[in-house]
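Below you'll find the structure, written out as structure tokens, and then a few comments.
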Amino acid sequence: KQWYQRRVAITAGHEKGIRINVLGDITLFPDNITKTLARLQLETLNNSEFCLTLCLAYTSRDEITNSVKCMAQGVARGKLRVTDINETLLDKCLYSEDLPPVDMLLRTSGEVRLSDYMMWQANFATLR
């Protein structure tokens, strides 16, 4: 019954045009959860009314570190020059590269700090 209720809620969101994205290291989750998250992203990929991003096993420090590693590998392989590295390239290496800019961050805990959460992307976002 719980699975069915969740599936109905997801279908309702899909029908309303909600795109679901997952950021973070989802390889830390069991295979069944990883597959479900991947399926949700694929099923809602073309929705454009609203974008819901879930950050799971996510920290900004990890995301930025991985982005820098990606650029360093590009330089090491001769695909990039050090002079090619800039903010635009860093944006393209982030987990959120294909997402719209962050408009608002909601802290459900009532905290008013970012706590290592989307630090790069939230530079102009409203914090609620």
Side-chain angles (χ1 to χ4, degrees):
K1 183 177 177 181
Q2 287 179 342
W3 178 88
Y4 176 76
Q5 289 172 335
R6 279 183 251 146
R7 187 70 195 156
V8 167
I10 290 166
T11 301
H14 184 49
E15 290 170 359
K16 292 181 180 182
I18 297 173
R19 177 180 172 191
I20 297 172
N21 299 288
V22 179
L23 304 182
D25 187 359
I26 63 170
T27 63
L28 298 174
F29 293 101
D31 284 346
N32 62 328
I33 293 174
T34 302
K35 288 176 185 175
T36 299
L37 293 172
R39 191 184 78 247
L40 283 173
Q41 291 181 96
L42 282 173
E43 286 178 5
T44 63
L45 182 64
N46 296 316
N47 293 351
S48 59
E49 289 298 314
F50 185 75
C51 182
L52 174 65
T53 301
L54 305 172
C55 293
L56 307 172
Y58 170 90
T59 69
S60 284
R61 293 169 66 103
D62 181 57
E63 179 179 29
I64 293 169
T65 300
N66 283 329
S67 298
V68 171
K69 284 179 184 177
C70 178
M71 291 184 292
Q73 289 170 351
V75 171
R77 293 180 182 148
K79 297 185 181 230
L80 286 175
R81 296 179 309 242
V82 172
T83 55
D84 294 331
I85 297 174
N86 56 31
E87 288 183 22
T88 303
L89 182 60
L90 182 63
D91 278 336
K92 291 180 181 180
C93 294
L94 294 171
Y95 299 150
S96 58
E97 67 160 313
D98 61 338
L99 298 180
V102 175
D103 292 324
M104 183 185 320
L105 280 176
L106 300 175
R107 286 296 310 254
T108 57
S109 65
E111 293 290 336
V112 291
R113 57 191 169 82
L114 292 177
S115 302
D116 197 23
Y117 182 77
M118 298 191 88
M119 298 295 290
W120 184 267
Q121 300 89 334
N123 59 336
F124 295 111
T126 301
L127 182 61
R128 301 249 173 176

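Scored by the salt bridge (Lys or Arg N to Asp or Glu O under 4.0 Å) test, R81 finds D84 as partners (sequence neighbours excluded).
Residues I85 and V75 meet the side-chain proximity criterion, which asks for heavy atoms closer than 4.5 Å. Between T27 and F29 there is no side-chain heavy-atom pair separated by less than 4.5 Å. The shortest distance between side-chain heavy atoms of V102 and N123 does not fall below 4.5 Å. Annotation: side chain of S96 is not in contact with side chain of T53 (no heavy-atom distance under 4.5 Å). Inter-residue side-chain proximity for K69 and T65 is flagged as met; some heavy-atom pair is nearer than 4.5 Å. Residues Q73 and L80 have side chains not in contact (no heavy-atom distance under 4.5 Å, counting atoms from C-beta outward). Contact check for W120 versus D91: side-chain heavy atoms found under the 4.5 Å cut-off. You'll find the side chain of L37 stays beyond 4.5 Å of the side chain of T34, heavy atoms only.
L89 and V82 fall within a single hydrophobic cluster, where Ile, Leu, Val, Met, Phe, Trp and Tyr are joined by side-chain heavy atoms under 4.5 Å apart, directly or via other members.
Closest approach of S67 and L94 over heavy atoms only: OG-CD2, 3.2 Å. Here the shortest heavy-atom pairing between L90 and M71 reads CD1-CE, 3.5 Å. Nearest heavy atoms, D116 versus R61: OD1-N, 3.0 Å.
Summarising the geometry, atom CE belonging to M119 is positioned 7.5 Å from atom CD1 belonging to I64; distances are rounded to the nearest 0.5 Å. One finds the CD atom of Q121 at 7.5 Å from the CG atom of L23 (value rounded to the nearest 0.5 Å). Taking CD of E43 as the start and CD of Q41 as the end, the distance is 11.0 Å to the nearest 0.5 Å.
Remark: the backbone N or O of G24 is not paired with any side-chain donor or acceptor of E63 at under 3.5 angstrom. T44 places no side-chain N or O within 3.5 Å of a backbone atom of N47 that could act as its donor or acceptor partner. Between the S60 side chain and the M118 main chain, a donor and an acceptor come within less than 3.5 Å of each other.
Heavy atoms from other residues, nucleotides or ligands lying under 6.0 Å from CD of E97 number more than 12.
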task: In sequence, state the C-alpha distance, the side-chain angles, and the governing distance for K92 and D98, and then conclude on salt bridge (Lys or Arg N to Asp or Glu O under 4.0 Å).
output: CA-CA 8 Å; K92 291 180 181 180; D98 61 338; over 6 Å; no
- request: Begin from the C-alpha positions of L54 and I20 and carry the test side-chain contact (heavy atoms from CB on, under 4.5 Å) through to its verdict.
  value: CA-CA 8 Å; L54 305 172; I20 297 172; 4.3 Å; yes
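The one candidate from D62, D25, N21 that meets the side-chain hydrogen bond (donor to acceptor under 3.5 Å, both in side chains) condition with Y95 is D62.
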